[in-house]
Protein chains: 2
Amino acid sequence: MLSNSRLVHQPHDHRRCISAALTRARDLCAEENLRLTPTRESVLRLLWQSHRPLGAYQLQDQLAKISGKPIAPPTIYRAVEFLLKTGLIHRIASLNAYIGCPFPNSDHSNLFMICTDCGSAAEVAHSSINKLLQSTCEKANFTLQDQSLEIFGLCPNCSLQQQENGGISSADKDHE
Amino acid sequence: MLSNSRLVHQPHDHRRCISAALTRARDLCAEENLRLTPTRESVLRLLWQSHRPLGAYQLQDQLAKISGKPIAPPTIYRAVEFLLKTGLIHRIASLNAYIGCPFPNSDHSNLFMICTDCGSAAEVAHSSINKLLQSTCEKANFTLQDQSLEIFGLCPNCSLQQQENGGISSADKDHE
DNA sequence: GAGGTTAAGTTATAACATAACATAAGCAAA
DNA sequence: TTTGCTTATGTTATGTTATAACTTAACCTC
């Protein structure tokens, strides 16, 4: 099982997440002869600023702020499209939002564990779940092509806090 | 395993699906003292016209056609909200669309098998998948609240047809 | 039938996404 | 080094999905 859940839900040196993601992205693009342009890199970096998925228009606002000039939606959607295609990010359908992929090289089908309190999302590549899905499909004569698995609940941190203090939100924290 | 996959993907007497769904809805609303108003019933009926999920604005068009007067989006969204809350329909997040629930009484977490060719969607309540997800969450100290599992591929019918004639779409059929 | 509650109508707008066309940047071969 | 091809970005407009806010009507109970 490949997962970044431990990392996402604990305090950690988040600068390492960002720089590791950028390194992976540069390597991957170099290998495949793809252009990681400034816009694309900025969007990727923004998506790694936290472990929370960001929507296209949040990205737009933030990129506009960084670059000091207005950014139009197509700019964002193009960068997002590129990053999705290359596997550097994922789309979370139920949130209309995007998040950096922690293991873009591995060929994986994903499961996201999304915290309804702090908003953080961890990615899990769980081979027994995938196998079970595959066999379920086979039994139904359904030819599996793609999957979108998103589960909602409380991350370890927020679970603990709810138990301790009876449910005060920690939406302002994301355990960077 | 509870599933309507066999039914969805085979030719069948679809009038029975519709009338069964309406009976279930009426019973459930009677039991829980909820009002299945004409608008709500119309929307539910529309969602049972086929086994394909419909978007809010498709519902709007069709309801306008049926009722002979313009329908505003909030009307649709309110009906949808009611039907979702009572468990009579589900939302398919990755399609921004809605579909009737074939077993609204059973307390179930769902998996949808959505055909990328004909658009039909079957619902599967698979206890071993749910157990595996639950145990995966427990191991990660993640408190599961809700899930959105949507898998894409070719339904049995479309699989067969692709094998037979090399990939001619059957998007116009949905095996009612 | 007065008054509370729930549902529906109406208008406007927010939030998410793409089409279509124009311009510019990167790059390879003449 | 410029010509021409390809890829990326800018720009404007619009399509699609969803909700806010306020008004009116239906229903239900006393």
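Given the structure is predicted, the values throughout are model-derived calculations rather than measurements. Just so it is clear: chains get the letters A, B, ... in the order the sequence lines come, proteins before strands, and each one is counted from 1.
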> On the nucleotide dC16(C), are OP1 or OP2 found under 4.0 Å from the side-chain N or O atoms that Tyr98(A) carries?
no
> How many whole angstroms separate atom CG of Leu34(B) from atom P of dT5(C)?
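Interatomic distance, CG of Leu34(B) to P of dT5(C): 18 Å.
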> Under 4.0 Å between a side-chain N or O of Thr37(B) and OP1 or OP2 of dA26(D)?
no
> Can you measure Ile76(A) atom CD1 to dT11(D) atom P for me and round it to whole angstrom units?
14 Å
> Would Leu95(A) end up clustered with Leu84(B) when hydrophobic side chains under 4.5 Å apart are linked, directly or stepwise?
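They do not share one cluster, since no chain of ILVMFWY contacts under 4.5 Å joins Leu95(A) to Leu84(B).
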> Less than 6.0 angstrom separating the ring centers of His90(A) and Phe112(A), yes or no?
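Here the rings of Phe112(A) and His90(A) have centres that are less than 6.0 Å from each other.
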> Write down the distance between CG (Asp61(B)) and P (dT16(D)), rounded to a whole number of angstrom.
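From Asp61(B) CG to dT16(D) P: 10 Å.
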> Would you say a side-chain N or O of Thr75(B) is under 4.0 Å from OP1 or OP2 of dA8(C)?
no
> Measure from the side-chain heavy atoms of Arg78(A) and tell me the nearest of dA7(C), dT19(D), dT11(D).
dT11(D)
> Write down the distance between CZ (Arg91(B)) and C1' (dT19(D)), rounded to a whole number of angstrom.
13 Å
> For Pro70(B) and for Gln58(A), find the nucleotide of DNA chain C with the closest heavy atom, then tell me which residue's nucleotide is more 5'.
Pro70(B)
> Once hydrogens and angles are ignored, does a donor-acceptor distance under 3.5 Å link the base of dA14(C) to the side chain of Tyr57(A)?
no
> Could you tell me how far apart Ile92(B) (CD1) and dT17(D) (P) are, to the nearest whole angstrom?
15 Å
> If you pin Ala97(B) and Thr39(A) to their nearest nucleotides in DNA chain D, which one's is more 5'?
Thr39(A)
> Is any side-chain N or O of Arg40(B) closer than 4.0 Å to OP1 or OP2 of dA7(C)?
yes
> Here's a test of your reading of the structure: between Pro73(B) and Lys69(B), which maps to the more 5' nucleotide of DNA chain C?
Lys69(B)
> Assign the ring pair His14(A) / His51(A) to parallel, tilted or perpendicular, where the plane angle (0 to 90°) is split at 30° and 60°.
perpendicular
> For dA18(D), does either OP1 or OP2 sit under 4.0 Å from a side-chain N or O belonging to Tyr77(B)?
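Affirmative; the distance criterion is met.
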> Measuring from the side chain of Pro74(B) (C-beta onward, heavy atoms only), which nucleotide among dA8(D), dT11(C), dA17(C) has the closest atom?
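The closest nucleotide is dT11(C).
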> Determine, for Arg45(B) against Glu41(B), whether the closest basic-nitrogen to carboxylate-oxygen distance falls under 4.0 angstrom.
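Judged by the 4.0 Å cut-off on N to carboxylate O distance, Arg45(B) and Glu41(B) do form a salt bridge.
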> Could you check how far CG of Leu36(B) sits from P of dT6(C), rounded to whole Å?
17 Å
> Please work out which of the three classes, parallel, tilted or perpendicular, describes the rings of Phe142(B) and His9(A), given edges at 30° and 60°.
tilted
> Rounding to an integer number of Å, can you tell me how far Asn96(B) CG sits from dG15(D) C1'?
13 Å
> Round to the nearest Å and state the distance from Gln60(B) atom CD to dG9(C) atom C1'.
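Those two atoms, CD and C1', are 13 Å apart.
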